[in-house]
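Working notes for the structure below.
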Amino acid sequence: SINVSYPKAEVSPYLQACTFLLVLLAPTLTMRLMAEEQKLGTFELLLTSPVRDWEVVAGKFIASMAFFAATLILTFYYVLLLAWFGSPDAGPIFVGYLGLLLHGAAALSIGILASSFTSNQVVAAAVGFGILLLLYTIGELAQVLGGVSANLVSWMSMTNHFEDFLRGVIDTGDLIYYLSIVVFALFLSTRLLESRRW
């Protein structure tokens, strides 16, 4: 049998690749959620239904998260293979998956925000992709800068906040970062929805 003594060498490249796939996946999952409603004219039905604006945005976010979580569960076969052929430490693996779930929540909320801006699906996907790509790569800019600006740019990077999860560490700063993106993006989406009501 294969002895897996430190699972980071096995799991972390896979989870790191998933974060990049989210840059592509999140905008395509969310590009229709708001934009298609505006294009088809069903937005007025939503606005006149007995549902609050934040409930509409939360419902679309929960639906996209459910789809993403179901997709993520399908990848558990990789963990089962590790458990079958070795004895990996389950802690870092599940913390990594928790980080991936939070990363996905942030990416999907940004995608919903991008979809709220326009009635064109392609534009919504492009805007969402642009924002997520910027947040994915901005950490590289911190290596060029120095001082306070480097710390600020490094803090803005989604990938830098994901690294602790890959090591099996749950940092409250990373949790606050991802949850702040989710709350802020969904708040702006709700405000955009309310502005269309008037």
Side-chain angles (χ1 to χ4, degrees), residues 14-43 45-47 49 51-75 96-141 153 155-163 165 174-197:
Y14 165 71
L15 294 177
Q16 191 72 48
C18 287
T19 60
F20 179 73
L21 287 176
L22 274 171
V23 175
L24 304 171
L25 180 66
T28 56
L29 276 178
T30 57
M31 67 182 182
R32 296 185 62 183
L33 291 181
M34 295 292 191
E36 187 73 3
E37 298 275 6
Q38 298 174 57
K39 184 178 179 183
L40 295 177
T42 54
F43 220 68
L45 278 173
L46 272 178
L47 296 178
S49 62
V51 182
R52 295 183 184 95
D53 295 329
W54 70 267
E55 291 175 333
V56 172
V57 173
K60 290 183 178 290
F61 173 71
I62 290 169
S64 60
M65 273 301 294
F67 184 83
F68 172 65
T71 306
L72 204 57
I73 287 171
L74 294 176
T75 66
Y97 268 95
L98 171 66
L100 193 58
L101 197 64
L102 289 169
H103 195 94
L108 291 170
S109 64
I110 289 171
I112 289 173
L113 176 61
S115 182
S116 301
F117 281 124
T118 178
S119 60
N120 190 316
Q121 296 178 43
V122 178
V123 173
V127 170
F129 175 74
I131 294 171
L132 288 172
L133 189 63
L134 177 67
L135 291 174
Y136 186 84
T137 58
I138 199 169
E140 303 298 322
L141 186 61
V153 167
W155 180 83
M156 291 171 61
S157 172
M158 287 180 78
T159 50
N160 287 354
H161 287 280
F162 189 67
E163 288 175 359
F165 289 102
D174 299 329
L175 291 173
I176 290 169
Y177 171 80
Y178 284 119
L179 294 176
S180 297
I181 288 180
V182 171
V183 170
F184 184 66
L186 296 182
F187 172 77
L188 286 182
S189 300
T190 305
R191 287 289 170 257
L192 284 169
L193 192 62
E194 288 175 352
S195 68
R196 287 194 178 84
R197 184 183 292 277

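Here the structure is a predicted model, which is why all the values come from computation and not from measurement. Position 1 is the first residue of the sequence, and the numbers go up from there.
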Close side-chain approach of Met156 and Leu134, heavy atoms under 4.5 Å: no

Mind checking what makes side-chain contact (heavy atoms from CB on, under 4.5 Å) contact with [X], not counting sequence neighbours?
X	value
Ala124	Met31, Ala35, Ser115, Thr118
Leu102	Leu98, Phe165, Leu175, Tyr178, Leu179
Val183	none

Return the [atom1] to [atom2] distance between [X] and [Y], rounded to the nearest 0.5 Å.
X	Y	atom1	atom2	value
Leu135	Asn160	CG	CG	11.0 Å
Leu186	Ser116	CG	OG	9.0 Å
Ile110	Phe129	CD1	CZ	13.0 Å
Ser189	Phe117	OG	CZ	7.5 Å
Thr30	Gln121	OG1	CD	10.5 Å
Phe187	Leu113	CZ	CG	11.5 Å

Would you list the atom pairs, donor with acceptor, under 3.5 Å between side chains in residues 61-72 and any protein atom, with sequence neighbours excluded?
residue	atom	partner	partner atom	Å
Ser64	OG	Lys60	O	3.3
Ser64	OG	Phe61	O	2.8
Thr71	OG1	Phe67	O	2.9

field: Ser157: side chain to side chain donor-acceptor pair (under 3.5 Å) partners, not counting sequence neighbours
entry: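 Expected list: Thr159.
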
- line: Sorted by chain and number, sequence neighbours left out, ring-ring contact (aromatic ring centres under 6.0 Å, His included) with Phe162 holds for His103

statement: With sequence neighbours left out, the residues meeting ring-ring contact (aromatic ring centres under 6.0 Å, His included) with Phe20 are Tyr136

field: Test log, rule side-chain contact (heavy atoms from CB on, under 4.5 Å), inputs Thr75 and Tyr97
entry: CA-CA 10 Å; Thr75 66; Tyr97 268 95; 3.0 Å; yes

For residues 21-29, please give each side-chain donor-acceptor pair under 3.5 Å, one per line with the distance, not counting sequence neighbours.
residue	atom	partner	partner atom	Å
Thr28	OG1	Leu24	O	3.3
Thr28	OG1	Leu25	O	2.7

